[in-house]
There are 2 protein chains.
Amino acid sequence: MNKETREKLLDAFYAKCRESRLSVTPQRLAIYKTLIGNKEHPSPEMIFKDVQSQFPMISFATVYKTLETFEQNGIVSKVTHLHNTLRYDPMTEQHHHIVCKRCKKIIDIDSTEIETLKIPSQVTKDHIFIDYDVHFNVICAECKMKE
Amino acid sequence: MNKETREKLLDAFYAKCRESRLSVTPQRLAIYKTLIGNKEHPSPEMIFKDVQSQFPMISFATVYKTLETFEQNGIVSKVTHLHNTLRYDPMTEQHHHIVCKRCKKIIDIDSTEIETLKIPSQVTKDHIFIDYDVHFNVICAECKMKE
DNA sequence: TTTTTATATTATAATCATTCCTAAATCAAA
DNA sequence: TTTGATTTAGGAATGATTATAATATAAAAA
């Protein structure tokens with residue numbers, strides 16, 4: 001990543017923190033910098049290890065808490081909202097799902113309702129393509145009511 | 001679900017087991033029956049509880065192992081292959097990913113490479129739509145070589 | 001600048017999902 | 001029926017995540 005892009009991202013980070021009234025602590029800044037410097041979509045553990053080289057005293061709890069705070073304020077995103085447990089489906093033909101971000105409810109989508117995507121060349125070029133999944137992330141009616 | 005659909009699914013199950021040389025044990029059959037009778041995309045724990053009512057002696061290990069065996073033989077599918085740990089992304093604008101089923105490597109897809117999907121009415125009807133994610137599931141070059 | 005209040009961090013314990021291991025049971029093949 | 005392979009139960013071990021309580025830091029008010 002070039003310097004300009006990095007500067008822009010950091011400016012946006014400060015702006016978002018100001019907007020959300022989050023103080024930019026050294027730990028938070030280090031965690032964010034690790035994220036923008038890492039293309040691997042890191043796990044909390046990877047981030048912890050990275051940040052630890054600058055902050056030997058940082059704790060796991062801080063990393064977890066900070067990431068959650070960032071996510072809730074639109075500073076970073078999760079790659080999947082279904083990370084906490086395995087979920088199985090007896091239907092093996094390709095079809096797609098609606099996922100509630102809150103309660104993790106999963107609903108099948110009627111296949112006729114959704115177009116077929118072309119597979120990007122980037123996918124087939126270096127990899128063996130298997131299939132693709134589409135997750136429509138929502139807040140379901142029940143969770144909305146609870147707010 | 002009506003009786004016919006159920007019968008068809010069970011026939012297909014027996015056929016697939018024969019094909020894959022998997023014996024149809026009472027536990028396996030009960031786990032499969034639970035799956036086809038449950039629209040919630042159940043977790044191993046939910047399946048365990050369900051099956052326990054008929055097999056009080058069944059163990060968690062059996063449920064986990066059976067589900068993995070089923071998945072590897074195309075009898076059931078996982079809703080996501082990124083279930084075991086949180087993964088974060090500093091990019092909050094919608095974009096999509098290539099995911100290796102084996103090593104869980106995650107790669108960003110150039111957004112211009114992929115069409116925009118229409119949001120199905122089923123998504124907007126009862127839920128608050130947030131965004132959608134597309135995961136292209138692959139075996140990456142490195143994992144392929146290791147085979 | 002001090003005092004107060006709220007927020008953030010650390011360290012550790014607790015929890016929860018998943019996997020590993022071993023012995024017993026069952027199944028399949030010779 | 002003996003042998004070998006597969007499957008299962010049960011419990012221990014591991015790994016990720018969350019909760020808790022005490023301390024430290026930052027922001028707001030005086």
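Every chain is numbered from 1, with letters handed out A, B, ... down the list of sequences.
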**Q** Could you check B:Thr80 against B:Val99 for side chain to side chain contact (heavy atoms under 4.5 Å, CB included), going step by step and ending with a plain yes or no?
**A** CA-CA 10 Å; B:Thr80 171; B:Val99 174; over 6 Å; no
**Q** Starting at atom CG of A:Leu29, determine the distance to atom C1' of C:dT9, rounded to an integer number of angstrom.
**A** 16 Å
**Q** Can you give me the bend angle of the helix from C:dT1-D:dA30 to C:dA30-D:dT1? Use the axis through the first five pairs and the one through the last five, nearest 10 degrees.
**A** 30°
**Q** What residue pairs, at least two apart or across chains, pass side chain to side chain donor-acceptor pair (under 3.5 Å) with a residue in residues 55-64 of chain B?
**A** B:Ser59-B:Thr62
**Q** Would you say A:Ser77's side chain and B:Met91's backbone share a donor-acceptor pair under 3.5 angstrom?
**A** yes
**Q** Check whether any side-chain N or O of B:Tyr64 sits under 4.0 Å from OP1 or OP2 of C:dT19, and answer yes or no.
**A** no
**Q** Rounded off to whole Å, could you give me the CZ-to-C1' distance for the B:Phe60 and C:dT15 pair?
**A** 14 Å
**Q** Expressed as a whole number of angstroms, how long is the span from B:Glu45:CD to C:dT19:C1'?
**A** 16 Å
**Q** Can the ring centroids of A:His81 and A:His135 be said to lie less than 6.0 angstrom from one another?
**A** no
**Q** Please determine whether side chain to side chain contact (heavy atoms under 4.5 Å, CB included) holds for the pair B:Lys101 and B:Ile139, giving the CA-CA distance in whole Å, both sets of side-chain angles, and the decisive distance to 0.1 Å.
**A** CA-CA 6 Å; B:Lys101 275 181 89 160; B:Ile139 307 294; 4.1 Å; yes
**Q** Using a heavy-atom cut-off of 4.0 Å to chain A, what are the terminal contacting nucleotides of DNA chain D, in 5' to 3' order?
**A** D:dA16 to D:dA27
**Q** Run the numbers on B:Asp133 and B:His97 for side chain to side chain donor-acceptor pair (under 3.5 Å), then give the verdict.
**A** CA-CA 8 Å; B:Asp133 298 319; B:His97 297 103; 5.7 Å; no
**Q** Quick check: are there more than 12 heavy atoms from other residues, nucleotides or ligands sitting under 6.0 Å from NZ of B:Lys16?
**A** yes
**Q** Please state whether the phosphate of C:dT7, meaning OP1 or OP2, lies under 4.0 angstrom from any side-chain nitrogen or oxygen of A:Thr25.
**A** no
**Q** Test B:Phe70 against B:Phe13 for ring pair (Phe, Tyr, Trp, His ring centres under 6.0 Å), laying out the working first.
**A** CA-CA 10 Å; B:Phe70 283 176; B:Phe13 173 68; 5.6 Å; yes
**Q** C:dT18 C1' sits how many Å from B:Ile47 CD1, rounded?
**A** 14 Å
**Q** Mind checking A:Thr85 for me? I need base, sugar-phosphate or nothing, with any heavy atom below 4.0 Å counting as a touch.
**A** sugar-phosphate
**Q** Nearest nucleotide by nearest heavy atom, which residue falls closer to the 5' end of DNA chain D, B:Leu86 or B:Arg21?
**A** B:Arg21
**Q** Run the side chain to side chain contact (heavy atoms under 4.5 Å, CB included) test on B:Arg18 and B:Val24 for me, step by step, so that the C-alpha distance in whole Å, both residues' side-chain angles and the decisive distance to 0.1 Å come before the verdict.
**A** CA-CA 8 Å; B:Arg18 217 174 303 125; B:Val24 180; over 6 Å; no
**Q** For A:Met57 and for B:Glu68, locate the closest nucleotide of DNA chain C by heavy-atom distance; then report the residue assigned to the nucleotide nearer the 5' terminus.
**A** A:Met57
**Q** Nearest whole Å is fine: how far is C:dA17 C1' from B:Lys65 NZ?
**A** 18 Å
**Q** Strictly below 4.0 Å: does A:Ser23 bring a side-chain N or O up to OP1 or OP2 of C:dA8?
**A** yes
**Q** In terms of the nearest nucleotide of DNA chain D, which residue is placed more toward the 5' end: B:Ile58 or A:Val24?
**A** B:Ile58
